[in-house]
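Encoded as structure tokens, the structure appears first; notes follow it.
Throughout, a chain's letter reflects where its sequence line sits, starting with A, and its residues are numbered from 1.
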Amino acid sequence: MTSPLTSTDISLRVNGEERSATADVRTTLADFLREGLGLTGTHLGCEHGVCGACTVLLDGAAVRSCLLLAVQARGAEVTTVEGLAEGDRLHPVQQAFHDSHAFQCGFCTPGFVMTTVALLAEEPTPSRERIRECLSGNVCRCTGYQSIVDGVALAASRDAG
Amino acid sequence: MKPAPFAYAAPTTEDEVLDLLAEHGDEGKVIAGGQSLLPMLSMRLARPSVLIDLNGVAGLAGITEFDGGVAFGATTRERAAERSALVGDRLPVLAEALPLIGHEAIRNRGTIGGSIAHADASAELPAVAAVTDAQLVLRSRAGGERVLSAAEFFQGHYTTALADDELLTEVRIPGSPPGAGWAFTEVARRHGDFALVGVAAMVVLDDAGSVEAARLCLMGVADVPLRLPAVEASLAGQPVSADTVAAAATDAVAGLELASDVHGSGDFRRHLAEVTVRRALTTAADRAGAPA
């Protein structure tokens, strides 16, 4: 058995690319993505699992990257908001959010977008009630949420999953 | 980095976990889903020297049939249980409680064993374990295996019978008694928040439509998931009626000592508890086949 580590090399796939960096084992995945790999699209609000801003996909499932240690994601496939667009072409969920004005300041948006991508991958045609339930783990202080629900519904209507 | 420094171990077998726990005792802390522990580490409310990650341990996750009930490996994700046909078929009260835990992103990581070992008295799974008379399997290098009832396991706020060198390896939930109706009802200020109060209930009716057996467990009102054996016993033999249910709900909250905080006053919580007991019992009785 390997002895306990305090710092280690962390290799994982991020947005389809093999990435690797050395980090202290107490580094959260969110801090590793932002500071270790320079992917600052994942935002940090509360840093204790309440606001949802740091939501990323871990092997396809939405998770809070502030509630996961980077060392726990070794070997995993992580998708962040940077991995959605293809060049200048927005991901259909991003485009639908844009078209619906589903954000104001935009700070919480990466988390909402990733939550929506995970939802539509599993349930391509969620009801409005189901959309609201699914978004309930993400906090926005600007929009009042209606336009975000509209954005998800628009993405679903365009078969954006 | 918000957590205080710790060393990290990623064992791959249960034996290795037990060795690490034996070696590090109360300086070691196991992490499963981490959805409660990571915030505690980040706020430095927990400062273990060694974090023992269970996520790579083979055979510790899984949902299997067990003696008419269902056994959950400790690191079974809540989301996996939520999607399990076996859970939907055998454990309706668990199936009803699971979607109320946090949010999907939380349940994608959070585990059945983790929530029960964390023993937050406002959490759903400890209440489910208590109302179903679940059996908790604990193992250690020194003590081997012991199996405790939920009543023996939960001892106080975040406090269980788990010794420092012990690992919760399995949660066994017995099958439902024939004809039982179950309900899990809670009141939270927002979907996914910790509930102010929650109630798990079971009702079995006899041939005449009276209560043959009942179970009641309140969460968020005491330092453990609170079974109410006296109220359960008093329901036996009673006809199912609004009066019976209302009397049981009044009895259920009579002895509660509820503190006030920013989320609600003690009186408000008592009111919520009484209403929630009434709703849970009514729903459970309906599902057991009581005439509307």
Side-chain angles (χ1 to χ4, degrees), chain A residues 1-8 10 23-32 35-36 44 46-76 111 114-115 118-119 122-123 129-130 132-139, chain B residues 1-13 15-20 23-24 27-28 31-45 47-56 77 79-80 83 99-110 188 190-194:
Chain A
M1 180 172 62
T2 50
S3 9
L5 305 162
T6 53
S7 169
T8 188
I10 293 166
D24 195 296
V25 295
R26 60 183 159 134
T27 309
T28 63
L29 178 61
D31 283 341
F32 182 77
E35 293 167 19
L44 278 165
C46 71
E47 300 187 60
H48 63 274
V50 175
C51 78
C54 69
T55 303
V56 300
L57 306 187
L58 180 78
D59 295 327
V63 300
R64 301 193 158 169
S65 59
C66 76
L67 294 189
L68 197 70
L69 297 169
V71 66
Q72 295 183 292
R74 285 183 296 188
M114 299 314 291
T115 300
L119 170 67
E122 213 169 295
E123 301 172 44
E129 188 187 346
R130 177 75 186 105
R132 297 175 75 90
E133 183 190 344
C134 187
L135 296 182
S136 67
N138 292 70
V139 176
Chain B
M1 285 171 287
K2 299 183 82 179
F6 53 77
Y8 171 84
T12 56
T13 66
D15 277 341
E16 289 175 61
V17 176
L18 299 185
D19 286 340
L20 284 160
E23 182 183 346
H24 297 288
E27 289 294 307
I31 182 167
Q35 302 300 286
S36 300
L37 183 54
L38 248 303
M40 293 175 71
L41 291 171
S42 284
M43 295 180 203
R44 302 199 174 192
L45 295 169
R47 305 175 67 125
S49 300
V50 181
L51 198 64
I52 304 165
D53 191 347
L54 302 182
N55 286 285
R77 308 272 178 215
R79 199 88 169 106
R83 290 171 166 145
L100 301 174
I101 302 170
H103 307 280
E104 279 157 45
I106 299 288
R107 301 197 295 277
N108 280 333
R109 290 295 297 172
R190 290 168 296 262
H191 180 90
D193 278 12
F194 276 109

Between [X] and chain A, which part of the residue has a heavy atom less than 4.5 Å away: side chain, backbone, both or neither?
| X | answer |
| --- | --- |
| B:Ile52 | neither |
| B:Met40 | neither |
| B:Ile31 | side chain |
| B:Leu41 | neither |

Exercise for the section: For the pair A:Glu122 and B:Arg79, find out whether any cationic side-chain nitrogen is under 4.0 Å from an anionic carboxylate oxygen. Expected result: yes

Handout entry: Ion pair B:Arg190/A:Glu133, N-O distance below 4.0 Å
Key = no

Does the side chain of [Y] come within less than 4.5 Å of [X]'s, by heavy atoms?
| X | Y | answer |
| --- | --- | --- |
| A:Val25 | B:Leu51 | no |
| A:Arg132 | B:His191 | no |
| B:Asn55 | A:Gln72 | yes |
| A:Leu69 | B:Asp53 | no |

Practice task
Please step through side-chain contact (heavy atoms from CB on, under 4.5 Å) for the pair B:Met43 and A:Glu47, ending with a clear verdict.
Solution key: CA-CA 9 Å; B:Met43 295 180 203; A:Glu47 300 187 60; over 6 Å; no

Exercise for the section: Check step by step if side-chain contact (heavy atoms from CB on, under 4.5 Å) holds for B:Lys2 and A:His48. Expected result: CA-CA 10 Å; B:Lys2 299 183 82 179; A:His48 63 274; 5.8 Å; no

Exercise for the section: Using a cut-off of under 4.5 Å on heavy-atom pairs, state which of A:Asp31, A:Thr28, A:Leu68, A:Thr55 scores highest against chain B. Expected result: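 Answer, by heavy-atom pair count under 4.5 Å with chain B: A:Leu68.
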
Practice task
Identify which of A:Ala23, A:Cys134, A:Ala62 forms the greatest number of heavy-atom pairs closer than 4.5 Å to chain B.
Solution key: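 Winner by heavy-atom pair count: A:Ala62.
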
Practice task
Of all the heavy-atom pairs spanning B:Asn108 and A:Ala61, show the shortest one and how long it is.
Solution key: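 Taking B:Asn108 first and A:Ala61 second, the nearest heavy atoms are ND2-CB, 3.8 Å.
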
Practice task
Identify the heavy atoms of A:Arg74 and B:Ala10 that sit nearest to each other, and give their distance.
Solution key: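 For A:Arg74 versus B:Ala10, the nearest heavy atoms are NH2-CB, 3.9 Å.
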
Completion exercise
Counting heavy-atom pairs under 4.5 angstrom with chain A, the leader among B:Pro39, B:Pro99, B:Ser42 is B:Pro39

Practice task
Count the heavy-atom pairs under 4.5 Å between each of B:Gln35, B:Arg109, B:His103 and chain A, then report the option with the highest count.
Solution key: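 Of B:Gln35, B:Arg109, B:His103, B:His103 has the most heavy-atom pairs under 4.5 Å with chain A.
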
Practice task
Mind checking the CG-CD spacing from A:Leu119 to B:Glu104? Nearest 0.5 Å is all I need.
Solution key: 7.0 Å

Problem - Part of A:Leu58 within contact of chain B (heavy atom distance under 4.5 Å) - result: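 It is the side chain, since no backbone atom gets that close.
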
